[in-house]
Amino acid sequence: MTANILDRLKSNPSCLSKSERKVAQVILNDPNKAIRSSIASLAKAADVSEPTVNRFCRSLDCTGFPDFKLKLAQCLATGTPYVNRNVEPNDRVEDYSSKIFEATMSAISDAKRSIDPNALSRTVDALSQARRIEFYGLGASGSVAMDAQHKFFRLNTPCVYYIDVLQQRMAAAATKPGDVVVIISNTGRTISLVETAQIARDSGATVIALTSPHSPLAANSHILLGVDSPENTDMYTPMTSRIVHLTLLDVLATGVTLKLGPEFQSHLKRIKAALTDTRYKNEDAD
């Protein structure tokens with residue numbers, strides 16, 4: 001939370017009410033001034049009540065206004081860049097390329113600091129013991145689900161991915177205890193995915209959500225891998241969230257491989273050896 005509090009505010013998080021967003025905007029206009037402000041002066045600047053400021057702080061997992069100011073100060077002290085990383089229509093190529101690289105690196109760094117190690121451990125345990133693994137995603141998250149299946153099918157557990165709403169619902173209804181369903185969504189607010197999570201839970205499957213904390217999908221999962229990836233999804237396709245999710249899936253695949261033990265390495269070597277004849281040999285340059 002300390003590392004990305006400004007980015008969270010910039011993303012206009014869904015956990016904030018309309019009045020609380022007014023507080024967020026005042027803070028974003030001048031973060032340093034907000035640190036020096038009293039709760040009364042900040043409330044006056046945002047044209048809201050002092051209780052609204054306190055609710056705003058609690059919505060961001062702070063105990064109150066002093067705790068929020070402390071975390072904001074820590075964020076600024078660590079040099080966390082506060083720049084507009086959203087692509088604008090009049091950006092030059094060097095502008096938008098720089099923004100995309102910076103946003104991606106920042107998002108991965110933030111995810112590394114904020115991800116719950118206990119949730120990662122529980123997820124690795126569930127996947128390594130699964131009878132069957134299914135990955136669900138829609139839109140940009142569909143390509144992430146496809147990549148997940150590409151990683152996990154090698155691990156000797158039946159594994160599929162679904163990127164169609166109707167197939168997801170039918171597959172979720174057919175799951176059983178011992179099955180693991182991993183649902184990938186940047187916002188966690190897609191109605192069909194939340195309903196699919198509920199269907200899978202009712203069928204006895206373990207539901208793991210790779211999504212935004214405090215979202216409806218997060219609330220309907222057994223295990224939450226919560227990551228915030230601020231980006232403008234209203235105009236541009238999700239970018240940083242996709243990279244963060246792919247990185248986390250690499251972490252999970254590696255964790256499951258290690259969990260299966262050294263004796264499993266021979267299985268992976270056989271799979272890799274099957275590709276040898278599909279490639280040209282690498283000859284030394286003259």
Side-chain angles (χ1 to χ4, degrees), residues 1-91 95-96 98-100 102-116 186-189 211-216 218-219 224 226-236 238-241 244:
M1 180 64 208
T2 300
N4 66 358
I5 193 167
L6 286 175
D7 275 342
R8 282 196 67 188
L9 292 180
K10 180 64 182 175
S11 70
N12 201 16
S14 58
C15 63
L16 300 181
S17 67
K18 184 176 180 180
S19 295
E20 290 165 358
R21 290 191 179 101
K22 293 169 66 177
V23 179
Q25 191 56 56
V26 170
I27 294 168
L28 288 172
N29 289 341
D30 192 341
N32 285 292
K33 182 177 180 181
I35 293 173
R36 300 190 300 270
S37 297
S38 66
I39 188 172
S41 60
L42 181 61
K44 182 178 180 180
D47 193 25
V48 298
S49 66
E50 292 183 26
T52 296
V53 176
N54 272 321
R55 285 195 300 273
F56 161 84
C57 297
R58 289 194 294 271
S59 295
L60 294 173
D61 303 319
C62 300
T63 57
F65 187 58
D67 184 40
F68 171 80
K69 290 206 297 183
L70 175 62
K71 290 180 178 178
L72 180 59
Q74 289 172 339
C75 177
L76 295 174
T78 56
T80 301
Y82 174 60
V83 295
N84 178 15
R85 297 191 181 96
N86 288 332
V87 175
E88 304 293 345
N90 59 345
D91 279 350
D95 294 329
Y96 63 72
S98 177
K99 287 180 179 181
I100 291 171
E102 288 181 5
T104 300
M105 291 186 292
S106 178
I108 291 177
S109 180
D110 288 343
K112 177 185 175 183
R113 286 189 290 260
S114 63
I115 196 70
D116 181 2
N186 177 39
T187 66
R189 300 194 304 271
T211 190
S212 174
H214 314 297
S215 66
L224 168 64
V227 288
D228 270 319
S229 185
E231 59 194 357
N232 184 356
T233 58
D234 292 330
M235 288 185 62
Y236 304 102
M239 293 178 286
T240 59
S241 63
V244 169

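Because the structure is predicted, anything quoted here is derived from the model rather than measured.
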*Might you work through the side-chain contact (heavy atoms from CB on, under 4.5 Å) test for Leu42 and Ile27, ending with a clear yes or no?*
CA-CA 8 Å; Leu42 181 61; Ile27 294 168; 4.2 Å; yes
*How far apart are the C-alpha atoms of His214 and Asp61, what are their side-chain angles, what is the distance that settles it, and do they pass the side-chain contact (heavy atoms from CB on, under 4.5 Å) test?*
CA-CA 11 Å; His214 314 297; Asp61 303 319; 3.5 Å; yes
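A distance of 9.0 Å separates OG of Ser41 from NZ of Lys44, quoted to the nearest 0.5 Å. Here the OG atom belonging to Ser59 is positioned 10.0 Å from the CZ atom belonging to Arg21, to the nearest 0.5 angstrom. Atom CZ of residue Phe56 and atom CD1 of residue Ile39 lie 11.0 Å apart, to the nearest 0.5 angstrom.
A donor-acceptor distance shorter than 3.5 angstrom exists from the side chain of Lys69 to the backbone of Ser37, with no hydrogens or angles considered. The backbone N or O of Ser215 sits nowhere less than 3.5 Å from a side-chain atom of Arg189 that would complete a donor-acceptor pair. Panel note: side chain Asp95, backbone Asp91; no donor-acceptor pair is recorded below 3.5 Å.
Looking at every heavy atom in both residues, Ala46 comes nearest to Lys22 through O-CE, 3.2 Å. Scanning all heavy atoms of the two residues, the minimum distance from Leu16 to Ala24 falls at CD1-CB, 4.2 Å. Between Ala73 and Ile35 the shortest heavy-atom distance is CA-CD1, 3.6 Å. Ala218 approaches Ser212 most closely through the heavy-atom pair CB-O, 3.7 Å. Contact detail for Ala34 and Leu72: the closest heavy-atom pair is CB-CD2, 4.1 Å. In this structure, Ser241 and Asn186 approach most closely via the heavy-atom pair CB-OD1, 3.2 Å.
In this model, no donor atom of one side chain and acceptor atom of the other lie less than 3.5 Å apart for Asn54 and Glu50.
Two residues are said to be in side-chain contact when any heavy atoms from C-beta on lie closer than 4.5 Å; Cys62 and Lys71 meet this criterion.
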